[in-house]
Amino acid sequence: MSGTRARILVTNDDGIHSPGLTTLAKALAKIGEVWVVAPDRERTAVAHAVTLHKPLRVHELGKRVFAVNGTPVDCVNLAVLNLLPKPPVLLVSGINKGVNLGDDVLYSGTVSAAMEGTILGVPSIAVSQEGRDRFHFDAGVHYALRVAKLILREGLPAETLLNLNVPNRPLKTITGLRVTCLSRRRFENPIIEKTDPHGRTYYWIAGTRISWSRNTGADHEAIEEGAVSLTPIHLDTTHHEAMDRFRAWEPVLQNGARRTIVAPSSVRKRRG
Ligand code: MN
């Protein structure tokens, strides 16, 4: 029976003992064979870091449960390319303690794990729960499960992952689900400068958020209005619309300050 069940990889960046991961893994076991491969400690905001200069150790904590002394991206690589007997049909990263909205996706280990899954050809979702200390993981799990089931049925487009954020409120009071775009955060006092007891300066990168741009249809707007946010993210971050503009720079960059756009054919011939 287990041979026919969908193989699902669960990881996170809050560490293998995070209740968000445990709750998620338990729920996904209803629809597939769950494998947990996660960092042995919290690795929040490590983004897409990989460990290259020290050995990775894997500890089997239980049946199909592995802790790794590495980053979320390390975990995904080890899981997909080595630990699992075959690649998973789905990767779910989370449930993260705290939202990953807008620019957060660039720093988030939770989202990077899902990106790495996507790079390796595994349909992947990142799941994050709004909140600071008391989390309504039941709401996060409910929507993670729905999205997971739909992906198993419908698949995902190539190079595309889904970023799911769930408001921190009882499931019954959630106002809906919206497909959203990424917003942008604006920070106030992003760098905090202080002096230690020895008179030396130290810093915290710890801005207090004051506002968001890209309001209409954005992820933060959905969360603020009590709705679940689902953002499709594409791996290709090329700015395709800007390519023509920069192609006009090509001759200038190739030929230094000269404005010559194309070298005369005689010159090209002599060079060849
Ligand atoms: Mn985290």
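From a predicted model like this one, the values you see are computed outputs, not experimental measurements. We're numbering straight along the sequence, starting at 1. Both counts, for ligands and for their atoms, begin at 1 and track the order of listing.
With a cut-off of 2.8 Å, the Mn ion (ligand 1) has an N, O or S atom of Asp13 in range. Among the atoms of Thr44, an N, O or S atom is found under 2.8 Å from the Mn ion (ligand 1). For Thr110, every N, O or S atom stays at 2.8 Å or more from the Mn ion (ligand 1).
The closest approach of Asp14 to the Mn ion (ligand 1), by N/O/S atoms, is made by OD1.
The side chain to side chain contact (heavy atoms under 4.5 Å, CB included) test with Ile233 singles out one residue from Thr118, Leu162, Leu161, and that residue is Leu161. Partner of Ser229 under the side-chain hydrogen bond (donor to acceptor under 3.5 Å, both in side chains) criterion, out of Asn165, Thr180, Asp219: Thr180 alone.
Under the 3.5 Å distance criterion, with hydrogens and angles disregarded, a donor-acceptor pair is assigned to the side chains of Asp74 and Thr51.
You'll find the side chain of Pro88 reaches within 4.5 Å of the side chain of Val80, heavy atoms only.
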